[in-house]
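Before any comments, here is the structure.
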Amino acid sequence: MKRSLALLTVGALLLASCDRTTPTPTDPAQKEPAAPVVGQSLEVQDVAGTAQSAAKQMAAMTDPNNPDLDPDLKALLGLFNVGGAPVRPNGLDLSGAASFGKSFVQGIGGKGRVTTQALTTVQEALPTGTRTINRDGTISETTTPTDGYVLVDARSDLRIEAKWKVGGAATVWVNNGDTYDYNTRQYLPRQQEVPTNATGSVTVSGKTVAGLKFNMTPGDCLNTVGPTALTLSGWAGREANAPVKLDLAYAWTEKDVLLSGSAQYATTKEKVAASMKLNVTGTTRNRCGDAFAFTPTRADLTGTLDIPSHKTELNVYLRDLSNLEFSAQAMNAPNALDRIGGTVNAALTFNGKAVVTAFGPLADGNDMDLQPGDQVKFRYVKSGKLVEADFRTAEKDLQELANPRR
């Protein structure tokens, strides 16, 4: 009897386990975002003032005179003081591979050779060798290393180093506009040499206080639409638990365009963090040619900016996109978006409460005015009332807030 009961129990457990199915992940785009709440949500007319407040707080946190500045970061910023006024290193322009290469070189104070190739192209090479500022202020230079650049300031025991060919990686030439050539008295195409695998570092008295890693897959379309993939990571102050940190990743695959990034800044008492992620699925045609076209079918954009007492989140989901093409021919056509199809689900929140939401189909409505989006329902709080409006009304309200009448 006991054996039979045991067998029945085991059998029941097996049947129960077979009935358990793995839950299907829900698509956040399918659920309409919760509407803003009067008395709780940030009213749209207060958005500009709140943004200014957050900007002031961020400026105070990054002020070199802030007593709560991280000690390691404060020492690093002190290296760039000129006449008592802090001078920050040049920011890195990530808008393109050529811009990165140029701004990185300018940031460390180096300049490579400039040559003219067959009187048709001006090429700006990456700097190499070592430049030393001696304790007496004199300058000495050597030709090594040949695959990197080193700047040494013996007066402050400072060493800034860039390695352009980590692991023997090759560099590439990227089109970077035009420049006037005085020899030929004409404008010539300019090319910037850019690394594909590089590192940079700042060392003071033997301690590394900043680091940067850069890796790029050039692909076949570098000089037309950009690299196939790129990653960048950097830190300042110290590597472990860095007070300043940045990570960026980008990739263009056969079906997706991916872009993600995160950054953080911390004092001894407060922290700011930002992150974003964009994933666009679609079809790419002739990526390297003049007939380039990209047809998206869906997109996900999420982002957060967390400043103390000012946390902002943005979520945008586009689904079932149709009749939308990014190409020279399509974008220059009259009423380029008149036949767009699909749905949008978007929400902007502040401190956990919705500020503006949008939900609905993108296609033109019954008015047939060839203006898509009039079926999208926008919700926001304005002057103590919950407003539910179409795209045109919402656009007008938000434009008035961005450009208030005086």
Keeping the roles fixed (side chain from Trp173, backbone from Ala125), state whether a donor-acceptor pair exists under 3.5 Å. no
What is the distance from atom NZ of Lys31 to atom CZ of Phe359, rounded to the nearest 0.5 Å? 11.0 Å
Considering all heavy atoms, the nearest Arg379-Ala35 contact: NH1-CB, 3.4 Å
Pair Asp27-Tyr317, side-chain donor/acceptor within less than 3.5 Å: no
State whether Asp70 and Arg238 are salt-bridged, where the test is any N-O pair (Lys NZ or Arg NE/NH1/NH2 against Asp/Glu carboxylate O) under 4.0 Å. yes
Step by step, work out the salt bridge (Lys or Arg N to Asp or Glu O under 4.0 Å) result for Lys74 and Asp72. CA-CA 5 Å; Lys74 188 173 185 178; Asp72 289 334; over 6 Å; no
Arg285 vs Glu325, salt bridge (Lys or Arg N to Asp or Glu O under 4.0 Å): CA-CA, chis, key distance, verdict: CA-CA 11 Å; Arg285 298 191 306 275; Glu325 178 179 286; 2.8 Å; yes
Sequence neighbours left out, what pairs pass ring-ring contact (aromatic ring centres under 6.0 Å, His included) with at least one residue falling in residues 268-305? Trp252-Phe292, Trp252-Phe294
On a heavy-atom basis, the closest approach of Thr128 and Pro145 is CB-O, 3.6 Å
What are the two closest heavy atoms between Asp68 and Thr267, and how far apart are they? O-CB, 3.1 Å
Decide side chain to side chain contact (heavy atoms under 4.5 Å, CB included) for Val172 and Met216; before the verdict, give the C-alpha distance in whole Å, the side-chain angles of both, and the deciding distance to 0.1 Å. CA-CA 10 Å; Val172 291; Met216 178 177 69; 3.9 Å; yes
Please find the pair of heavy atoms, one from Thr349 and one from Ala354, that lie closest to each other, and give the distance. CG2-CA, 3.9 Å
Is the closest side-chain donor-acceptor distance between Gln329 and Ser327 under 3.5 Å? no
If we only count heavy atoms from C-beta on, is the Leu42 to Phe350 side-chain gap below 4.5 Å? yes
Return yes if some donor-acceptor pair links the side-chain N/O of Asp320 with the main-chain N/O of Gly342 below 3.5 Å, else return no. no
Short side-chain to backbone donor-acceptor contact, Thr224 and Cys221, under 3.5 Å: yes
Working to the nearest 0.5 angstrom, can you tell me the gap between Lys213 NZ and Asp247 CG? 10.5 Å
Mark yes or no for whether Glu388, through its side chain, and Phe378, through its backbone, hold a donor-acceptor pair below 3.5 Å. no
In terms of side-chain heavy atoms, does Gln40 have a donor or acceptor partner in Lys353 at a distance below 3.5 Å? yes
Counting N and O atoms only, with roles assigned by atom type, does the side chain of Thr62 sit under 3.5 Å from a partner on the main chain of Ala59, one being a donor and the other an acceptor? yes
Spatial distance of atom NZ (Lys382) from atom CD (Glu43) [nearest 0.5 Å]: 10.5 Å
Between Asp136 and Thr138, is any side-chain donor less than 3.5 angstrom from a side-chain acceptor? yes
Check: His310/Thr50 side-chain N/O donor and acceptor closer than 3.5 Å: no
Can you tell me if Thr297 uses its side chain to pair, donor with acceptor, with the backbone of Thr281 under 3.5 Å? yes
If you round to the nearest 0.5 Å, how far is CG of Leu278 from CG of Asp300? 8.5 Å
Taking the side chain as C-beta and beyond, is there a heavy-atom pair between Val150 and Arg159 under 4.5 Å? yes
Test applied, side chain to side chain contact (heavy atoms under 4.5 Å, CB included); reference residue, Leu362; option that passes from Val376, Thr343, Asn323, Leu324: Val376
Decide side chain to side chain contact (heavy atoms under 4.5 Å, CB included) for Val355 and Ser41; before the verdict, give the C-alpha distance in whole Å, the side-chain angles of both, and the deciding distance to 0.1 Å. CA-CA 6 Å; Val355 178; Ser41 298; 5.7 Å; no
Without swapping roles, check the side chain of Arg190 against the backbone of Asn176 for a donor-acceptor pair under 3.5 Å. yes
Looking just at side-chain N and O atoms, do Thr304 and Ser275 make a donor-acceptor pair shorter than 3.5 Å? yes
Hey, what do you get for CD1 (Ile139) to CG (Asp153), rounding to the nearest 0.5 Å? 9.5 Å
Would you say that Tyr380 contacts Asp397 through its side chain, given a criterion of any heavy-atom pair below 4.5 Å between the two side chains? yes
Closer than 3.5 angstrom, by distance alone: can the side chain of Asn315 be matched with the main-chain N or O of Thr302 as a donor-acceptor pair? no
Under 4.5 Å between any side-chain heavy atoms of Tyr149 and Arg131, yes or no? yes
Residue pair Lys271, Met61: steps toward the side chain to side chain contact (heavy atoms under 4.5 Å, CB included) verdict: CA-CA 9 Å; Lys271 183 172 74 172; Met61 290 178 62; 5.8 Å; no
Does any non-hydrogen side-chain atom of Leu158 lie less than 4.5 Å from one of Thr203? no
Would you find a donor on one side and an acceptor on the other, under 3.5 Å apart, between the side chain of Thr253 and the backbone of Asp256? yes
Grab the two heavy atoms, one from Val381 and one from Pro36, that are nearest each other, plus how far apart they are. CG2-CB, 3.8 Å
Side-chain touch Leu301/Lys277, heavy atoms, less than 4.5 angstrom: no
Does the side chain of Ser383 come within less than 4.5 Å of Gln45's, by heavy atoms? yes
Test item: Thr142 side-chain N/O and Thr144 main-chain N/O as donor-acceptor pair under 3.5 Å: yes
Heavy atoms of other groups near Tyr180 OH, more than 12 under 6.0 Å: yes
Evaluate Thr217 against Leu230 for side chain to side chain contact (heavy atoms under 4.5 Å, CB included), listing each step before the verdict. CA-CA 6 Å; Thr217 303; Leu230 181 150; over 6 Å; no
Between atom OG1 of Thr171 and atom CD of Glu193, what is the distance when rounded to the nearest 0.5 Å? 3.5 Å
Is the closest side-chain donor-acceptor distance between Ser201 and Glu161 under 3.5 Å? no
Which atoms form the tightest heavy-atom contact between Leu212 and Gly234, and what is the distance? CD1-CA, 4.0 Å
Side chains of Tyr265 and Pro243: closer than 4.5 Å at any heavy-atom pair? no
